[in-house]
There are 2 protein chains.
Amino acid sequence: MLNDRKRKILQIIIEDYIETAEPVGSRTIARKHNLGLSPATIRNEMSDLELLGYLEQPHTSAGRVPSAQAYRLYVDSMVDSMKEEPGVLTENDMALINSWYKERIRNMDDIFKSTAKILSRMTQNVSLVLANKKSTARFKYLKFLPLSDTRAIMCIVTDDGAMDNGLIDIPAGMSSAELDYLSGKMSNLLEGRRLTEINGDLLQEVYSAVSEDEVMLASLKKAISNIAAKNSEQKVFLGGAKQLLNQPEFQDVGRVKNLLGILEEEKVVKDILNAGDDSGLKVTIGSENKFTGIKDCSMVQATYRLNGQIVGTMAVLGPTRMEYRKVIAVMNYLHKYLETILKDPK
Amino acid sequence: MLNDRKRKILQIIIEDYIETAEPVGSRTIARKHNLGLSPATIRNEMSDLELLGYLEQPHTSAGRVPSAQAYRLYVDSMVDSMKEEPGVLTENDMALINSWYKERIRNMDDIFKSTAKILSRMTQNVSLVLANKKSTARFKYLKFLPLSDTRAIMCIVTDDGAMDNGLIDIPAGMSSAELDYLSGKMSNLLEGRRLTEINGDLLQEVYSAVSEDEVMLASLKKAISNIAAKNSEQKVFLGGAKQLLNQPEFQDVGRVKNLLGILEEEKVVKDILNAGDDSGLKVTIGSENKFTGIKDCSMVQATYRLNGQIVGTMAVLGPTRMEYRKVIAVMNYLHKYLETILKDPK
DNA sequence: TGTTAGCACTCTGTATGTGTGAGTGCTAAC
DNA sequence: GTTAGCACTCACACATACAGAGTGCTAACA
């Protein structure tokens, strides 16, 4: 519905505004870009674009600023074409990312932490990374490791090779052999269950088949529910709140406070990240955001998976005047990179 | 060296300035406080106080502002008298703190997290909490839990009842009994050692007494060094960066950026917190801080211990114009409260 | 000798006015 | 359909004026 010339002019305005954060005027466009058009003509086109809802005027005699609708068009026309190309990422950028990861990966947490840092550094915006915990893991077996006369450590091994443990009370005088017998029996009865299934009732049932000690049962229940809770917990990693302050739209302290308040509430951040559906890359612009407090921001979000299962979500949050091109390029690259790493964490 | 009247006037100026963040003038003092003195007299005293280094003038015709030296005097005379009293904490405050902790303690991390949150909420400043890991724990025994034909989980139990684990490769076809034999032998040889002592060489020595498989040895080394690293790692919890923006001294975005930059660098925060000696409550005012970037801030810091050993450090960081009285009261209270909780984490 | 009233002086913050520059919309000519 | 010209608008920068709060100094007072 937009002819080529309008489209071209709109793109110039968007990119100019993204770069300078200043309203763009017709003269500026004519001067900077060799369109073969006079400012007056451009003015007419801009007037049309404003009527169509793509441009806004802060006040009568300022240049014009892209509307959310304009960004939407801009992003949509870009995302598809960028699916397979590295986009604007330079070799240098990619090398930087690679080495960054290489240096500091010791465990999963490090991966997420590094991702948050890289994202914010490369995009000059706030980054949010949500790590899901594998709540679908299945119980494999458990083992008691004696600690003292009345205490032992319960180790639970799941089928994904992970391990959790908790402290439990045992009847005084119980021998190591007895503990092994107990754990063997219980393991048999629980094998294959999801951790989340193993609630108090099931545990009671299984336990009463092998022992009667109430104290031990109670501590078992507590330890396992703790482990289950820990396993279904999501963890949030943030990066680059500082970068925000470099953006002209956040020179206003009130706005910074607002956003910082949101970022500090872990629960809110989780809600925001969980709200994104899980279909590849998603860009939410301005008031498209459902959460009050970030309605004047844009967010680019991607979900990464391992064997079809969602492992986490990463997002970049910043002003609507965001370098979408760069952000999307970085996200695409990280997305691929992460799914490779996660598949084989060496 | 200061007579009572000077001392009194200085205190009034400090507290007034802490409350209003505005330079305090002689008239204001005379009006607000019934000292029985005219502004002129107060002016004379203030002039003296300035000469003595306790007051500063932003410019000729402004009121006066306390110097770092003044805060020093103020804090010193306060800390001692507050050791045993609840200070300015209301019953309400204390009840709030208690319930806050009660609600969300599941593990150690939660304790630290809550502490950071409470500190920042109650003091309206940034809070930093450093959690030490027990690096002095001694090895008790280890155990291998088979996972697959070629992999097992190594569990290490230490004398403080904690447990760590890591994934290791085992020779294909090794039986469970063989693994038990191996772990029993190694446990005997390593018992009583500090985790940090168990380096590659020692491990090689111990291991070669029981087996020859190189692959397993390599993965053992790696797993144990990972565990040792994790155990000596310190963890940082922050809270209330948002609160800073409520302080008039942080209306300047540049200053916020500066501080935020520091807080985002985990390493720097660790350095700052580790620098504090371990003697109870410590207040560092302005340029007393050795770290560039917080030289215009004050910090109140306390170290908490369990059985004589340092478990962590908590601190409140804010402008030199800080509500020392309140901050110190909160810290004192939390300090006592935490040491109780830590002793018996129920 | 310590305290105070009076006064001139200084400096900041706010309000007000003016000029400049960038931008627009409209009209008329090409 | 495009463009030159022109009047108009508005934000911003700058200067000037002014009120308010505070100071230091001096001289008078108890």
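We name chains A, B, ... by the order of the sequence lines, and we start the count at 1 in each one.
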Could you write out each protein N or O paired with an N or O of nucleotides 15-19 of chain C at a distance under 3.5 Å?
none

In whole angstroms, how far is the P atom of C:dG2 from the CG atom of B:D4?
17 Å
Salt bridge (Lys or Arg N to Asp or Glu O under 4.0 Å) with A:E264: which residues, sequence neighbours excluded?
none
Under 4.0 Å between a side-chain N/O of B:S38 and OP1 or OP2 of C:dT4, yes or no?
yes
Rounded to the nearest Å, what distance is computed from the CD1 atom of residue B:I42 to the P atom of nucleotide C:dT3?
11 Å
Atom CG of A:D16 to atom P of C:dA22: distance rounded to whole Å?
15 Å
Partner residues of B:Y17 under the ring pair (Phe, Tyr, Trp, His ring centres under 6.0 Å) criterion, sequence neighbours left out:
none
Is it true that atom CG of A:D76 has more than 12 heavy atoms of other residues, nucleotides or ligands lying nearer than 6.0 Å?
yes
Check this for me: B:K8, atom NZ, are more than 12 non-hydrogen atoms of other residues, nucleotides or ligands nearer than 6.0 Å?
no
Contacting residues from residues 20-29 of chain B, given that a heavy atom lies under 4.0 angstrom of DNA chain D:
B:G25, B:S26, B:R27, B:T28
Please determine whether a side-chain nitrogen of the Lys or Arg among B:R64 and B:E50 lies less than 4.0 Å from a carboxylate oxygen of the Asp or Glu.
yes
What residues form a side-chain contact (heavy atoms from CB on, under 4.5 Å) with B:T20, not counting sequence neighbours?
B:D16, B:E22, B:K32
Close approaches to DNA chain C from residues 43-66 of chain A, in residue order (heavy atom, under 4.0 Å):
A:R43, A:M46, A:Q57, A:T60, A:S61, A:A62, A:G63, A:R64
When you look at CD of A:E15, are more than 12 heavy atoms from neighbouring residues, nucleotides or ligands closer to it than 6.0 Å?
yes
Only pairs at least two apart or in different chains count here, so list each salt bridge (Lys or Arg N to Asp or Glu O under 4.0 Å) that has a residue in residues 282-296 of chain A.
A:R72-A:E288, A:R255-A:D296
Residue pair A:L238 / A:L263: nearest heavy atoms and the distance that separates them:
CD1-O, 3.4 Å
Restricting to side-chain hydrogen bond (donor to acceptor under 3.5 Å, both in side chains), what partner residues turn up for A:D252, sequence neighbours left out?
none
Report the residues that fulfil salt bridge (Lys or Arg N to Asp or Glu O under 4.0 Å) with B:E266, sequence neighbours left out, ordered by chain and then residue number.
B:K270
When Watson-Crick pairs (N1 to N3 and N6-O4 or O6-N4) and G-U wobble pairs (N1-O2 and O6-N3) count only below 3.5 Å on both distances, what is the dot-bracket string of DNA chain C, with | for other-strand pairs?
||||||||||||||||||||||||||||||
Salt bridge (Lys or Arg N to Asp or Glu O under 4.0 Å) pairs, two or more places apart, involving residues 118-128 of chain A:
A:R121-B:E265
State which residues pass side-chain hydrogen bond (donor to acceptor under 3.5 Å, both in side chains) with B:Y71; sequence neighbours excluded, sorted by chain then number.
none
Would you mind reading off the distance between B:N3 atom CG and C:dT3 atom P, rounded to a whole angstrom?
10 Å
